[in-house]
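Here is the structure we will look at, set down as structure tokens.
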Amino acid sequence: MDELVSLCKRRGFLFQSNDIYGGIKGLYDYGPMGVELKNNLKQSWWQSMVYERDDTEGLDASILSAPVVLKHSGHEDTFTDPLVDCKSCKSRWRADQLMEGSKCPNCKSEDLTDPRPFNLMFKTAIGPVDDGSSFAYLRPETCQQIFTNFKNILDSTSRTVPFGIAQMGKAFRNEITPRNFIFRVREFEQMELEFFVKPGTDDEWHEYWINKRIEWWVNQGIKKENLKKIEVEKNELAHYSKRTVDINYVFPHGEEELEGVANRTDFDLGSHTKNQNDFKITSEVMKNSSSTTKLAVQDLEEKKWYIPYVIEPSAGVDRGVLALLNEAYREENVDKDNKRILLSLKPHLSPIKAAVIPLKKNNEELVNLSKEIKSNLQKLGLGRVVLENSGNIGKNYRRHDEIGTPICLTVDFETLEDKSVTVRDRDTMKQERVAVENLSEYYKKYFN
Ligand code: ATP
């Protein structure tokens, strides 16, 4: 973990947020390389969840959420962690995460309070008067607005069950003890799909999504043996869940949840629906919703309205970034005196797709040709391409190995004669000459 944290800072993936004022615990900023990696991961998820499917739609809803939504979702009452105070040093801890039984991890005192529920939601005032009467929550998960938009999306598309709504975006949780770098933070991003199905078909769809999601993570570059399917114990299930399977990953600090795949039944649509009593809702819903909308669909064969069940694969973007960095990180001996660090990321995730490097800094002919090559590759729209006009080829290779750039293209004096460049591969360090006129084809083939 220390090596990853150090690489992330050195090469501009992640910085402690508000760093110059001492930082705030549990908040991180994505730097120039981090933002590209994170966007590429999200884009890959969107590609597989929306573009490659014929049964899903996308959504980007507001982060600020009305308290009534989070009342009916159950979050106001149950979205809590057990909090204990150390009476000796005044520190606060999550009771279920104390390593040494009932000892304070800070001062080792055993003089702790009894655990009490601590609600993890952040509140903020809405409107110009902050008298506590008008407030909103920063959403603790992205999915509630998917449920509240269920009818809008049905009415504006021609979807019928089974179908899904996908959303990616920020979520906020006032974690008692944020820790392990970006694993447990207070502001993070989720990638969530709510897949609506007919009750009775839910178990089968649940299995489908568990396998689909493991397959997707493997396609992002995570070794299958580092992913574990964990059945959440009945007594640990969230209030809405009939069954949840966590996809755990072996993080540098230990094995923990990367994604959860839950069968949320008809709990959420049931809780938010108008005239709940008109439906046979199987889950324990929050009664008396003041919703103005019936969140149900019609069974055309049986001519009856019903509330669909929902299967939810919910993944953390930041935990995904951490897992992928961990998988890709390598240290290698180049020869007996030299070592290199490389990030062997899958090319579609690499922050920089290619670096174009003129052999001699500021040499007009070499730099102009490099600029032209860079611009042509950039126009292909497969991600960021950079020009490296610093003159030190060895240093450039080392930097690009460390940020995971799959190929470096060197423009040298021979290029002016034979109209070809040296292409160096990150993983094998093999070099080959490719004609400038064939570069676009070579590049497209490489990344597609
Ligand atoms: P945990 O048990 O680790 O607190 P959770 O079960 O509360 O996680 P979910 O509510 O299922 O998490 O959220 C779905 C996903 O969102 C998680 O699998 C995780 O990847 C991500 N996530 C949840 N909380 C955090 C957090 N504090 N920091 C970063 N990612 C998070």
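Just so you know, ligand 1 is whichever comes first in the structure, and atom 1 is the first atom listed for that ligand. Note that the structure is predicted; figures quoted are calculated from it, not measured.
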If we set the cut-off at 4.0 Å for heavy atoms, which region of Leu258 has an atom near ligand 1: side chain, backbone, both, or neither? backbone
Would you mind checking if Arg243 and Glu207 are paired as a salt bridge, meaning a charged N to carboxylate O distance below 4.0 Å? yes
N or O pair under 3.5 Å between Asp318 and ligand 1: no
Any idea which protein heavy atom is nearest atom 22 (N) of ligand 1, and the distance to it? Phe188 CE1, 3.5 Å
Greater than 12 external heavy atoms within 6.0 Å of Glu233's CD: no
Heteroatom proximity flag, Gly316 to ligand 1, N/O under 3.5 Å: yes
Here's a test for you: under side chain to side chain donor-acceptor pair (under 3.5 Å), which of Arg399, His400, Glu388, Arg384 qualifies with Thr405? His400
Name all residues meeting the ring pair (Phe, Tyr, Trp, His ring centres under 6.0 Å) criterion together with His253; count only those two or more places apart in sequence or in a different chain, and write none if there are none. Phe183, Phe251
Of all the atoms in ligand 1, which lie at a distance below 4.0 Å from a heavy atom belonging to Gly260? 18 (O)
Only heavy atoms count here, so choose which of Gly320, Ala315, Pro313, Ser314 is nearest to atom 14 (C) of ligand 1. Ser314
Under-4.0 Å heavy-atom contact with ligand 1, by part of Arg184 that carries it: both
May I ask you to list the atoms of ligand 1 that are less than 4.0 angstrom from any heavy atom of Glu175? 26 (C), 27 (N)
Hey, could you give me the OG1/CG distance between Thr273 and Asp266, rounded to the nearest 0.5 Å? 10.0 Å
Could you tell me whether Val185 approaches ligand 1 through its side chain, its backbone, both or neither, with non-hydrogen atoms closer than 4.0 Å? both
Atom 19 (C) of ligand 1 sits nearest the protein heavy atom Arg319 NH1, 3.4 Å
Do Ser65 and Gln144 pair up side chain to side chain, a donor and an acceptor below 3.5 Å, judged on atom types alone? no
For atom 16 (O) of ligand 1, what's the nearest protein heavy atom and its distance? Gln190 NE2, 3.2 Å
By number and element, which atoms of ligand 1 are closer than 4.0 Å to a non-hydrogen atom of Glu259? 18 (O)
Are any of the N/O atoms in Glu256 less than 3.5 Å from those in ligand 1? no
Any chance NZ of Lys395 has more than 12 other-residue heavy atoms, nucleotides or ligands included, within less than 6.0 Å? no
Salt bridge check: are Arg173 and Asp81 linked by an N-O gap of less than 4.0 Å? no
N or O pair under 3.5 Å between Glu192 and ligand 1: no
Option of least heavy-atom distance to atom 7 (O) of ligand 1 (set: Glu257, Glu312, Arg173): Arg173
Using the six-membered ring wherever Trp is involved, compare the ring planes of Trp205 and Phe195 and label them parallel, tilted or perpendicular (cut-offs 30° and 60°). tilted
Lys151 atom NZ, over 12 foreign heavy atoms within 6.0 Å: no
Please report whether ligand 1 has a polar contact with Phe183, defined as an N or O pair separated by less than 3.5 Å (distance criterion only). yes
